[in-house]
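Down below is the structure, laid out as structure tokens.
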Amino acid sequence: MFRDRIFQDQVAVITGGGTGLGRAFSLRFAELGARVALASRNPEHLAATRDEIRRAGGQALAMPADVRKPEDVEAVMRAAKDEFGGIDMLINNAAGNFLCRAEKLSYNGWRSVVDIVLNGTFYCCRAAFPYLRERHPGRILNILATYAEGASPGTVHSAAAKAGVLALTRTLAVEWAEYGIQVKAIAPGLFPTPGAAERLWPGDPAGQEARMRQMIPAGRAGRHDELANLAAYLCSPYASYITGEAVVIDGGMSWNHPLFDWRSV
Ligand code: COA
């Protein structure tokens, strides 16, 4: 589907790029020719993915950074510029989440997730802006969740923060269009990762995942390559007229709220 090395000579900064879905984005973008700068709080999370990209002949940089700290985020963007010459794409993938009823959620728990997801995304966009505006086009891709436009009982912090990132996506798309920067988002449904299993399906992850699969018309969870290919498409010239848009990728889950027992008719 893609021209080989469609991102040749381009630079992508990917937050949370060492593990889970971030790792899938990093590997796919590197495979398509991008030089990738991976940022994450945990250096151990980054090293393996960076080395995997390098072993495959790609270029990767690992930068320990907490997206909640503007000074860390600015250092990441500077390092990407110094090492690779600029920034073409920013994927805001770093996230924090855990299951907790709203009435039991501590103020600090709320703050931690909103800080990572909403504030962290803004800090990264803001810090990458001077570099992105030098490229034509600069691209920002924000990773949401299907519930960014709905509700997510059990993760009110994440639901509110992702809704904020959706509004941020649409607003920046308008404000920064004049600088040639496209701002888009992906809203993934169920794409299992070890981190999500540990935090969101504690106890019996297999049983809970099976229950979720029943809610998905496609009958299965999403594959990481499916998500990474959508990200690549949205950042590619094939999607050059798309901005301010959030693309849902969930096997039809968001539309599966039947009022009727239609399967029995
Ligand atoms: N249930 C209830 N409260 C929780 C919690 C849980 N499972 N996990 C964390 N918290 C609370 C903590 O108790 C703390 O609040 P307190 O100070 O009032 O006790 C607050 O959240 C911050 O936790 P802490 O572990 O100190 O913060 P941190 O900055 O190290 O971690 C998180 C941030 C909480 C988002 C953590 O889950 C994280 O690091 N996540 C990154 C990975 C991730 O979540 N990826 C997404 C997978 S779907």
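Since we're looking at a predicted model, the values are computed, not measured. Every number for a ligand or one of its atoms is a count from 1 in the order of the listing.
- The contact set between ligand 1 and N108, taken as ligand atoms under 4.0 Å from a residue heavy atom, comprises 14 (C), 15 (O), 16 (P), 17 (O), 18 (O), 20 (C), 22 (C).
- Summarising the geometry, atom CZ belonging to R223 is positioned 9.5 Å from atom CD1 belonging to I249; distances are rounded to the nearest 0.5 Å.
- Protein non-hydrogen atoms do not reach within 4.0 Å of atom 13 (O) of ligand 1.
- Atom 34 (C) of ligand 1 is approached by the protein to below 4.0 angstrom, counting heavy atoms only.
- Those atoms of ligand 1 that come under 4.0 Å of a heavy atom in S106, given as number and element, are 15 (O), 16 (P), 18 (O).
- Of the protein's heavy atoms, at least one falls inside 4.0 Å of atom 21 (O) of ligand 1.
- In this structure, A128 and L90 approach most closely via the heavy-atom pair CB-CD2, 4.0 Å.
- The residue K104 has no part lying near ligand 1, judged by heavy-atom distances below 4.0 Å.
- Looking only at heavy atoms of the protein, atom 3 (N) of ligand 1 is closest to F98 CE1, 3.3 Å.
- Counting the atoms of ligand 1 from 1 in the order shown, those under 4.0 Å from a heavy atom of R68 are 29 (O).
- Between the side chains of T15 and N93, no donor-acceptor pair of N or O atoms lies under 3.5 Å.
- Residue-ligand proximity: R41 is placed with a non-hydrogen atom under 4.0 Å from ligand 1.
- Residues passing the side chain to side chain contact (heavy atoms under 4.5 Å, CB included) test with R23 are L27, T49, E52, sequence neighbours excluded.
- Less than 4.0 angstrom separates some heavy atom of G109 from each of these atoms of ligand 1: 11 (C), 15 (O), 20 (C), 21 (O).
- Closer than 4.0 Å to atom 26 (O) of ligand 1 lies none of the heavy atoms of the protein.
- Residue E198 does not touch ligand 1, judged by heavy-atom distances below 4.0 Å.
- A side-chain contact (heavy atoms from CB on, under 4.5 Å) with I216 is found for exactly one of D250, L190, N256, namely L190.
- Ligand 1 lies nowhere less than 4.0 angstrom from a heavy atom belonging to R111.
- The pair K69-E74 does not meet the salt-bridge criterion, since no charged nitrogen lies less than 4.0 angstrom from a carboxylate oxygen.
- The nearest heavy-atom contact from the protein to atom 24 (P) of ligand 1 is S112 OG, 4.9 Å.
- For the 3.5 Å distance criterion, the side chains of R28 and N229 qualify, holding a donor opposite an acceptor.
- Nearest heavy-atom pair, A231 versus L141, reported as atom, atom and distance to 0.1 Å: CB-CD2, 3.5 Å.
- Residue A95 holds the heavy atom nearest to atom 43 (C) of ligand 1 of all those in A95, P192, C100, G195.
- Below 30°, between 30° and 60°, or above 60°: for Y179 and F129 the angle between ring planes is above 60°, a perpendicular geometry.
- With no hydrogens or angles considered, a side-chain donor-acceptor pair links S158 and Y147 at under 3.5 Å.
- The nearest heavy-atom contact from the protein to atom 37 (O) of ligand 1 is R199 NE, 3.3 Å.
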